[in-house]
Amino acid sequence: MDTLAALAASQTSTQVVIDQLVAFGHEALKYVPVGIAGVIVWALWLYRVVLSARAKPVVNGFRTTTSVVVPSYHEDPDILLRCLDSWRSQNPDEIIIVLDVADTEAYQRIVAVGDPTVKPILFHHVGKRSALGQGIRLARYDVVVLVDSDTSWEPGLLENVQMPFVDTTVGGVGTQQNVYQRNSSIWRIIADWLVNLRYFNYVPAMGAAGAVPCLSGRTAAYRRSAVLPVLDNLENEFFLGRRCVAGDDGRLTWLVLASGFKTVHQESAKALSMFPATGKAFFKQRIRWSRNSYRTYLTAIAKGWIWRVPFVTKITVLQIILTPVTMGITMWYLLFSRLELSVIGAAFTIAWLLAGRAVRGFSNLRRHPLDLFVLPILAIVVIVIALPIKVFSFVTMNKQGWLTRHADQMGGDGQTAATLDGPASRPAVQTVPAPAPAPASAPAAAPAFAMAGAPAMAGAPAMAGASAMAGASAMTAPPAGAATTAAPTTDQSAPAAASHAAEPATATTSGTQRASQPAAGLQGGEVAAA
């Protein structure tokens, strides 16, 4: 009898445990957000991840001639020269560095390198687009590689980025990008994590379909013949009556797509860029990028360009635009539908958020497993970007400006050489010196370049008129030993797109009005070249 009683007690105890586990499981299910919106978002994520995993880089023996164009505005000379070494090591046919007129230290140090293929130009920047336009027009070779002044190349980038151009329908090629010295700041670790998600989970899928919607300006290569006809539309873009300052890379990508070319991704072409080391600069950069995305993608929708690209690009663009909506629905579902004011409820909500972020971050975690310790911070940052940052950026999308670079400061916010590991050779913030005054007798100017309005492009916004491009008669002398020449200047009262009223552009650089006037005799858009 005792044995039977013990067996019965044991069965009862086991049943109690099972009942408790079942009850716990039912309770846990209450906190798992498996609504329709969640299923759609996760399905689309998986769809792009699978397509990206199947995408492979192009490998062939195709080579052509290359021009590297670098717009540089008050870049830390130490960073610029380090990056220049990486570009020179890959032997492009020419490197054109379009410096601002105040960047005389960088100019002198570049000239001192003594490389005839490197051509520094002193140019009064009127925003990054003006410097890009100047450099592209001076470029002489088949493929133009646009590079940010704080981006270095890993070995083999230039060779690999040329390979997709064997296909004559390819107009632009993007590169695989990461953060330089990612472990030098928690914000750089987070930035690199987010960059990895983009370049491992999303971009390859769109590149395989021939329609990457934004070839990042940190390093992107373009067929010169595809870019020249649309330069005027790049330099003179207006959104709701205001001249656009930032967002040049997204704009140029869509102009090339609208011209009938493909834009692809080359995973084997790897670049490393400086990213902010501080939270303030990190979020300012995210605001700028979000504003650029909204303007660029809403323009693509309004012009009808979005409906001509493959499905994977359509859904990616639409999901980027709707990020605040999808994240808002998720947070509302968790907080107001599933979350109960209990330990279990809070624990499961946090666990779900972290687990979901870890799954989506697998492409980064398998390369950097120690980043798992950063997961809680990353989850919070993603929510902040997706909700307050995106909403604020949407409301203020037509507020133009660079935010992280300034007319009176050398280097971007949190992106100087002093923020890197190792001994810093200069202070974190430097004041930009004023351009040297012009000598009594300036050297004779070389013949001016002249450019009429860019040819009309199918699907591109019609311009009310052509840009006036003229050389200046008087130039400010660059450092000793440099020749001077006049180059095209964008008319500051250039007309807006036909659908908008024209708005005169102020002489802005990276979205910040210059604190001082340009040196005597040098107007916006003029240039002094070595």
Side-chain angles (χ1 to χ4, degrees), residues 37 40-52 55 170-175 177 194-195 197-218 220 222 230 233-234 237 239-240 244 246-265 286-330 360 382 385-387 389-398 457-461:
I40 293 174
V41 169
W42 278 95
L44 292 178
W45 172 80
L46 185 60
Y47 168 68
R48 286 176 297 190
V49 167
V50 171
L51 289 181
S52 292
V170 170
V173 179
T175 56
Q177 300 173 6
L194 298 176
V195 166
L197 300 191
R198 170 181 170 84
Y199 286 105
F200 285 111
N201 295 353
Y202 301 137
V203 172
M206 297 183 287
V212 178
C214 180
L215 299 178
S216 171
R218 292 186 285 270
Y222 290 91
V230 301
N233 287 310
L234 171 67
E237 179 191 7
F239 186 87
L240 299 179
C244 295
D248 50 277
D249 47 4
R251 173 65 169 177
L252 183 55
T253 304
W254 278 100
L255 289 173
V256 170
L257 281 170
S259 300
F261 289 98
K262 296 177 183 176
T263 56
V264 302
H265 175 67
R286 294 287 156 173
I287 289 172
R288 184 181 81 236
W289 288 351
S290 296
R291 286 172 174 168
N292 295 344
S293 295
Y294 281 124
R295 288 195 306 269
T296 300
Y297 297 150
L298 289 176
T299 298
I301 291 173
K303 296 294 179 182
W305 301 339
I306 188 68
W307 314 121
R308 308 175 199 170
V309 296
F311 176 73
V312 66
T313 303
K314 286 188 183 74
I315 62 168
T316 300
V317 169
L318 294 175
Q319 190 170 8
I320 290 172
I321 293 174
L322 296 174
T323 293
V325 176
T326 56
M327 180 61 77
I329 291 174
T330 300
R360 291 194 176 209
V382 168
I385 293 173
L387 283 174
I389 293 293
K390 287 281 189 179
V391 171
F392 175 76
S393 301
F394 178 81
V395 174
T396 62
M397 74 173 78
N398 213 21
M457 180 196 71

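Side-chain atoms are counted along with the backbone in the values below, which use heavy atoms only and exclude waters and symmetry mates. The shown structure was predicted, so the numbers you read here are calculated from the model rather than taken from an experiment.
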Are [X] and [Y] side-chain neighbours, meaning at least one heavy-atom pair lies under 4.5 Å?
X: Tyr199; Y: Thr175; answer: no
X: Trp307; Y: Ile301; answer: yes
X: Trp289; Y: Cys214; answer: no
X: Ile389; Y: Ile287; answer: yes
X: Arg218; Y: Asp249; answer: no
X: Lys390; Y: Ile320; answer: yes

Please walk me through it: do Leu240 and Arg295 pass side-chain contact (heavy atoms from CB on, under 4.5 Å)?
CA-CA 10 Å; Leu240 299 179; Arg295 288 195 306 269; over 6 Å; no

Kindly say whether [Y] contributes a backbone atom to a donor-acceptor pair with the side chain of [X] at under 3.5 angstrom?
X: Arg251; Y: Asn292; value: no
X: Arg48; Y: Val312; value: no
X: Arg291; Y: Thr396; value: yes
X: Ser259; Y: Phe261; value: no

To check you understand the geometry: which heavy-atom pair defines the closest contact between [X] and [Y], and what is its length?
X: Val264; Y: Leu215; value: O-CD2, 3.6 Å
X: Leu51; Y: Ala205; value: CB-CB, 3.6 Å
X: Pro324; Y: Val391; value: CB-CG2, 4.0 Å
X: Tyr294; Y: Ser393; value: CD1-C, 4.2 Å
X: Pro204; Y: Arg198; value: CD-O, 4.1 Å
X: Tyr222; Y: Thr253; value: OH-OG1, 3.4 Å

For Thr313, the option from Ile315, Thr316, Val309 that meets side-chain contact (heavy atoms from CB on, under 4.5 Å):
Val309

For Trp254 and Trp305, take the angle between the two ring planes, folded into 0 to 90°, and tell me which bin it lands in: parallel under 30, tilted 30 to 60, perpendicular over 60.
parallel

Roughly how far, to the nearest 0.5 Å, is the [atom2] atom of [Y] from the [atom1] atom of [X]?
X: Tyr47; Y: Ile40; atom1: OH; atom2: CD1; result: 15.0 Å
X: Trp42; Y: Arg360; atom1: CH2; atom2: CZ; result: 5.0 Å
X: Met397; Y: Ser293; atom1: CE; atom2: OG; result: 10.5 Å
X: Ser290; Y: Ile321; atom1: OG; atom2: CD1; result: 12.0 Å
X: Leu255; Y: Thr263; atom1: CG; atom2: OG1; result: 12.0 Å
X: Tyr297; Y: Leu322; atom1: OH; atom2: CG; result: 13.0 Å

